[in-house]
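Chain naming here is simple, since letters A, B, ... match the order of the sequence lines and numbering starts at 1 in each.
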Number of protein chains: 2
Amino acid sequence: MNSYATNPMSKTTTIVREGESCEVTCINPSKVRSLARSLPRTSAVERISSTFQTMSDPSRLKILYCVSQGDVCVCDLSAVLGMNVSAVSHQLRLLRTLNLVKPRRDGRIVYYSLSDEHVGELMRMGLEHELES
Amino acid sequence: MNSYATNPMSKTTTIVREGESCEVTCINPSKVRSLARSLPRTSAVERISSTFQTMSDPSRLKILYCVSQGDVCVCDLSAVLGMNVSAVSHQLRLLRTLNLVKPRRDGRIVYYSLSDEHVGELMRMGLEHELES
DNA sequence: GGATTAGTTGCATAACTGTTCAAATATTAA
DNA sequence: TTAATATTTGAACAGTTATGCAACTAATCC
């Protein structure tokens with residue numbers, strides 16, 4: 001095979017990554033090829049992970065919880081969460097940009113509500129598991 | 001009421017936040033009290049959000065996907081993902097610390113597999129939604 | 001217009017994070 | 001023991017991010 005002091009376990013095989021073929025060294029070629037075929041491409045994984053990232057901050061997750069229960073204004077969110085009004089507004093802007101919440105103005109007051117049901121589902125699932133463990 | 005030029009919408013009420021009672025100014029006292037009652041406490045929210053944070057990185061999410069399909073060694077993960085072996089190992093250590101993956105040594109080779117079914121569920125849900133949209 | 005309230009935004013900053021490089025450890029076989 | 005391989009680890013770095021402050025806009029009522 002070769003003249004090294006130990007037998008390397010590694011072999012080489014060809015896989016397709018992000019649409020382009022490339023040769024890689026690995027231990028289990030068939031497993032690697034199988035994974036390379038089924039792994040969603042980076043663009044899709046990035047979209048999913050960014051959804052999770054939105055829910056990865058405690059303050060933001062609390063905000064999402066509140067607005068999932070119905071319309072809540074900035075001032076009330078600030079009161080419930082014990083957060084600076086400015087901090088709440090910054091987070092709401094982020095959520096607005098991602099189309100996860102939608103604002104409704106009533107005079108000086110702006111009410112926010114959850115507009116993405118998928119995020120609501122993931123949040124409920126996370127909550128359920130946490131409370132039962 | 002008062003002698004200001006405009007009528008403020010804000011009122012004050014008392015809620016319980018993280019176990020301690022505090023007076024807050026808000027627009028809708030009853031809504032605020034209701035949210036304050038149902039909002040899980042910070043320690044629980046932090047645990048949930050840290051689960052989401054784990055899945056908020058594309059590389060880590062790919063690793064989790066791979067090890068959810070069966071045992072995979074570091075070298076093969078590196079090959080499939082096109083990542084530095086060291087980077088993969090760093091991420092695996094993090095996942096190990098969180099008890100999300102478990103290692104199994106076979107000689108020089110260490111195989112990792114998913115050990116937290118809840119994370120697997122959340123990942124599948126995220127994937128399903130992404131692929132259908 | 002003028003004064004007050006509700007909310008937004010830009011900037012600065014401190015904290016965190018993912019990756020790489022280099023060095024170390026663990027295992028195997030000659 | 002020696003050499004090679006598979007993985008781990010520590011340190012450093014670049015990039016990101018959540019928050020607070022101050023200044024701003026938007027809306028209301030006199």
Discussion item. How would you summarise protein contacts on nucleotides 11-16 of chain D per nucleotide, using B for base, S for sugar-phosphate only and - for none, with heavy-atom distances below 4.0 Å?
Written reply: B-----
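Regarding A:L95, its CG atom lies at a distance of 10 Å from the P atom of D:dA18, rounded to whole Å. Between the CG atom of B:D76 and the C1' atom of D:dT7 there is a distance of 13 Å, rounded to whole Å. The CG-C1' distance, from B:L81 to C:dG18, rounds to 14 Å in whole Å. Across the protein-nucleic acid pair, A:M9 atom CE and C:dA26 atom C1' stand 15 Å apart, rounded to whole Å. Note: NZ (A:K62) to P (D:dA18) measures 14 Å, nearest angstrom. Across the protein-nucleic acid pair, B:I109 atom CD1 and C:dT28 atom P stand 10 Å apart, rounded to whole Å. When rounded to the nearest whole Å, the span between CG of B:D57 and P of C:dC16 equals 17 Å. Remark: P of C:dA29 and CZ of B:R108 are 7 Å apart, rounded to the nearest angstrom.
Within 4.0 Å of B:I27, counting heavy atoms only, lie sugar-phosphate atoms of the nucleic acid but no base atom. Counting any heavy atom pair closer than 4.0 Å across all strands shown, A:V85 reaches a base atom. Contact annotation for B:A87: base contact, defined as any heavy-atom pair under 4.0 Å involving a base atom.
Across B:D71 and B:R104, no two heavy atoms sit closer than the pair OD2-NH2, 2.7 Å.
Side-chain contact check for A:L94 versus A:Q91: some heavy-atom pair is nearer than 4.5 Å.
When distances run from any side-chain atom of B:C75 to the nucleotides C:dG7, C:dG18, D:dT7, the shortest one goes to D:dT7.
With rounding to the nearest 0.5 Å, the separation of OG in A:S59 from CG in A:L64 is 11.0 Å. We find the OH-CZ distance between B:Y112 and B:R105 to be 8.5 Å, quoted to the nearest 0.5 Å. B:T25 OG1 to B:M9 CE: the interatomic distance, rounded to the nearest 0.5 Å, is 13.5 Å. Note that the CZ atom of A:R108 and the CD1 atom of B:I27 stand 8.5 Å from one another [nearest 0.5 Å]. For the atom pair CG (A:L100) and OG1 (A:T51), the distance works out to 7.5 Å, reported to the nearest 0.5 Å. Note: A:S43 OG to B:E130 CD = 8.0 Å, rounded to the nearest 0.5 Å.
For B:S86 against D:dT9, a side-chain-to-base donor-acceptor contact under 3.5 Å is present.
In terms of phosphate contacts, A:R96 brings a side-chain nitrogen or oxygen within less than 4.0 Å of OP1 or OP2 of C:dT8. OP1 or OP2 of C:dG18 has at least one side-chain nitrogen or oxygen of B:R60 nearer than 4.0 Å. The side chain of A:S89 places no N or O atom within less than 4.0 Å of a non-bridging phosphate oxygen (OP1 or OP2) of C:dT9. Proximity of B:Q91 to the phosphate of C:dT19: a side-chain N or O atom is located under 4.0 Å from OP1 or OP2. Between A:N84 and D:dG20 there is a side-chain polar atom (N or O) within less than 4.0 angstrom of OP1 or OP2. Not one side-chain nitrogen or oxygen of B:S10 sits closer than 4.0 Å to the OP1 or OP2 atom of C:dT5. Distances shorter than 4.0 Å separate some side-chain N or O of A:Y112 from OP1 or OP2 on C:dT8. Proximity of B:R93 to the phosphate of C:dT17: no side-chain N or O atom is located under 4.0 Å from OP1 or OP2.
Across its full length, the helix from C:dG1-D:dC30 to C:dA30-D:dT1 shows an angle of 20° between the axes of its 5 terminal pairs at either end, rounded to 10 degrees.
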Practice prompt. List the steps and the verdict of side-chain hydrogen bond (donor to acceptor under 3.5 Å, both in side chains) for B:T42 and A:K62.
Written response: CA-CA 9 Å; B:T42 296; A:K62 286 182 190 172; 2.8 Å; yes
